[in-house]
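Just so we're on the same page: letters track the sequence lines, and every chain starts at 1.
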Protein chains: 2
Amino acid sequence: MIERSETKVSILNAAEMLFGRKGFDATSLRDITAEAQVNLAAVNYHFQSKDSLIDAVIQRRIEPLNDRRLAMLDEAGAHPTIEQIVHAFAAPVVEADLSPIVPLMGRILSTPDQFVSRVFKKHLNIVAQRFTEAMAKAVPDLSPAERMWRFHFMAGAMAHVLSWSHLLGELTGGVCDASDRKAITSRLVKFVAAGFRAPEGN
Amino acid sequence: MIERSETKVSILNAAEMLFGRKGFDATSLRDITAEAQVNLAAVNYHFQSKDSLIDAVIQRRIEPLNDRRLAMLDEAGAHPTIEQIVHAFAAPVVEADLSPIVPLMGRILSTPDQFVSRVFKKHLNIVAQRFTEAMAKAVPDLSPAERMWRFHFMAGAMAHVLSWSHLLGELTGGVCDASDRKAITSRLVKFVAAGFRAPEGN
DNA sequence: GTCTATAGGTTGATAGAC
DNA sequence: GTCTATCAACCTATAGAC
């Protein structure tokens, strides 16, 4: 059933780390096999191609992640506040136990072109729909278009701190401490929720 | 026969378009010379390397952009509101006349690792400092760390809509119209300003 | 399943004719 | 300044020995 070889997992681990750190295009299969300490041909044996490997790397993480998001949204009840909604969306990523997935997810969110078809339409449609519905109840005064835009503002703010998390400390002279994940979620939730509560105006 | 600057400008134009659309790693010099309808060797003649070309592409756009940002910040007076500050930061990019720079800037902001040294420390330090100072006056109740985090939330929200602008229409079934740039700025400013005004709390 | 070896293609960069 | 031709290095992917 779940017969996963040691080699296969090593490749996935090395790949997600390097993809997150250097990007998908800039990471070669040789980089991955060197990091994983396996043979080059093992990649094409276990996965068929680099493209399929990318899919496998993403899929391994994004499914439990989205399950967790939906579970947290359910736990918030039938009428969650906007704070609870944003928290359910962000916390599973920002506070993820497995640190390599943080830069990986930031990378995916930041380079939509290659992944919008293979990732978003496949794994994120249900999530987006459920969260959009919840937001429609939590901030009913906003027009659907405005809610959609703000949803993307939220996703962007989150993606940015994911992508930059390992640089923010150095870049801000130690002012931003990216190690306390729960604190980041808390700051993000406050900021985004206030943004969602802003009157739409014209 | 053609003036000697025409080739160079053609290369820069083609490069910024392709870099923005496909990313820096995924764009080859052959892609660029084909698009610019110039010879392959012209790239290495006018610019020394692909790396230097990337620098030139970025530098050509980022300097007038940052000048415009600082000018708008000055125009807002000695004590600008947070709305004015956010507008001065975002409008010059989001409403840029030259459309190729929109995805280009989104790409730069989304892939910090390769550019944090060559771009941010070189061109963005002064901008970040001036805007941080203005924010300290506009929202003085926030701790410096909180202001810094919210600055990055703002940058992320902006970068995201820049990167996704050409996809948002299709992805949202036409709900999000990315063609009206001023409307995007307006939405972004309202959202971010409300986020900045949120009490810090603990 | 794991390896070596290599095919077959693309890349960035250069040399040298004109 | 512009071109053709080419290099060495790298890439993904595969074939075949063990």
Holding to ring pair (Phe, Tyr, Trp, His ring centres under 6.0 Å), I want the full list of residues that pass it with B:Phe24, two or more places apart in sequence or in another chain.
B:Phe19, B:Phe115
Distance-only criterion, 3.5 Å: show the donor-acceptor pairs between side-chain atoms of residues 167-175 of chain B and protein atoms not counting sequence neighbours.
residue: B:Glu170; atom: OE2; partner: A:Lys121; partner atom: NZ; Å: 3.1
residue: B:Thr172; atom: OG1; partner: B:Leu168; partner atom: O; Å: 2.7
residue: B:Thr172; atom: OG1; partner: B:Val175; partner atom: N; Å: 3.4
residue: B:Thr172; atom: OG1; partner: B:Cys176; partner atom: N; Å: 3.0

State which residues pass ring pair (Phe, Tyr, Trp, His ring centres under 6.0 Å) with A:Phe191; sequence neighbours excluded, sorted by chain then number.
B:Phe153, B:Phe196
Reading nucleotides 2-18 of chain C 5' to 3', which nucleotides get B (base under 4.0 Å from a protein heavy atom), which S (sugar-phosphate only), which -?
BBB------BBBB----
Pairs of donor and acceptor atoms involving the side chains of residues 35-48 of chain A, under 3.5 Å and at least two apart or interchain, shall be tabulated with distances.
residue: A:Asn39; atom: OD1; partner: A:Ala41; partner atom: N; Å: 2.9
residue: A:Asn44; atom: ND2; partner: A:Gln48; partner atom: O; Å: 3.1

For A:Phe89, all residues meeting ring pair (Phe, Tyr, Trp, His ring centres under 6.0 Å), sequence neighbours excluded
A:Phe131, A:Phe151
